[in-house]
Undergrad: 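Quick one: structure below, then a few questions.
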Amino acid sequence: MRNVVIIGSGCAGLTAAIYAARANLNPLVIRGLEAGGQLSLTTLVENYPGFPKGVQGPELIEMMQKQAAEFGAEFKEGDVTRADLSRRPFLLELGKEQIETKTLIVAAGASAKLLGLESEKRLLGHGVSTCATCDGYFFRGKEVAVVGGGDTAAEEALFLTRYANRVSLIHRRDQLRASKIMADRLLRNEKIKPVWNSVVVDILDPEKSEVTGVRLKNTQTGEETLYPCDGLFIGIGHSPNTALFKGQLEMDELGYLKTRNGSKTNIPGVFAAGDVQDRTYRQAVTAAGSGCMAAMDAERFLEAEG
Ligand code: NDP
């Protein structure tokens, strides 16, 4: 039986692990399928305090993990397949393995959203990607497109200019949602070509198992055009990984966990941290802060329970 199990090994989960480990609670971190969370899929992080020249996302995550391990946090690979929060201790299943825990910190993060096209499903990993850092290298000297108008899309597009000859940014409006600094960098970059007021309605060509272009629809005129490209990166945001807790933990209409009085969920002993419960800020530093809160709340809960 564990004192604290933390689901998720991104910024929130690892910060919770550092705090819980330093409180001698010997936390177990379940690293999950997307171990390290979104920071491990990014490059230079310029807005995490303490790094005046920025820090590489994967390096920051590695340092946090080492810091947690230093104080006695344990790590387990795998994905939680079922959670029963109706009983105490709580029961988690990772396939056939069962883990019981007195408290649970849900820091499972969010995963990249997709457009929902059949062709997208078939071409994912064959020219369609949600991670420029992971797959950009394959598009050296090619022409690629990025969908989205937020910071994720801006970051993906800027990163891809290292490899691709031309990066088109396909956005459904004519105004970016990205922060000013990212938007300025994007619009100044000569390799990046914005394609405004356009949505991707189909990706070609699943029959060839490669991307040869996208069919675009103009949101103003309704006109459809064929836009050739060798790769498509989807950067339209993320949705929280909370499906496991449906019907058990209260969530909003988009699936974000509802918290109150800090990190508390509707079930005493279950706490939430990071992107699973934050649809507003979603920053590395806010995720870390909420991980700290969850660990402190779990510690107080265990103390009160005796
Ligand atoms: P956002 O929700 O900010 O942006 C998503 C973008 O995708 C929007 O432009 C939206 O269009 C578009 N979009 C959403 N759904 C669709 C769809 N189905 N079809 C076409 N377009 C779609 O998500 P991000 O992931 O970009 O950013 C999330 C948070 O993370 C923000 O707070 C951001 O600041 C932060 N972040 C910061 C980074 C940094 O500082 N370096 C890097 C990455 C993220 P519309 O604008 O019309 O709604």
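Predicted model, so just to flag it, every value in this text is computed and none were measured. In this chain, residues are counted from 1 in sequence order. For ligands, and for the atoms within them, numbers begin at 1 and follow the listed sequence.
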Undergrad: For Tyr19, look at atom OH and say whether over 12 heavy atoms of other residues, nucleotides or ligands are found less than 6.0 Å away.
TA: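 For Tyr19, atom OH is not crowded (no more than 12 foreign heavy atoms under 6.0 Å).
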
Undergrad: Side chains of Gln65 and Arg31 only: does a donor on one sit below 3.5 Å from an acceptor on the other?
TA: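 A pair is found: one side chain offers a donor N or O, the other an acceptor, under 3.5 Å apart.
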
Undergrad: Taking the side chain as everything from C-beta on, heavy atoms only, tell me whether Lys258 gets closer than 4.5 Å to Lys264.
TA: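 Not in contact.
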
Undergrad: Please examine the side chains of Pro206 and Leu123, heavy atoms only from C-beta on, and report whether any two atoms are closer than 4.5 Å.
TA: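 Yes. Closest side-chain heavy atoms under 4.5 Å.
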
Undergrad: Starting from Val29, can I reach Val106 by hopping between I/L/V/M/F/W/Y residues whose side chains sit under 4.5 Å apart?
TA: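 No, separate clusters.
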
Undergrad: Heavy-atom cut-off of under 4.0 Å around ligand 1: list whichever protein residues fall inside it, by chain and number.
TA: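 Ligand 1 pocket, heavy atoms under 4.0 Å: Asn47, Leu115, Gly148, Gly149, Gly150, Asp151, Thr152, Glu155, His171, Arg172, Arg173, Arg177, Ile236, Gly237, His238, Tyr281, Arg282, Gln283.
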
Undergrad: Please collect all ring-ring contact (aromatic ring centres under 6.0 Å, His included) contacts where either partner lies in residues 23-74, sequence neighbours excluded, each pair once.
TA: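 Every candidate ring-ring contact (aromatic ring centres under 6.0 Å, His included) pair involving residues 23-74 fails, so no pair, neighbours aside, qualifies.
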
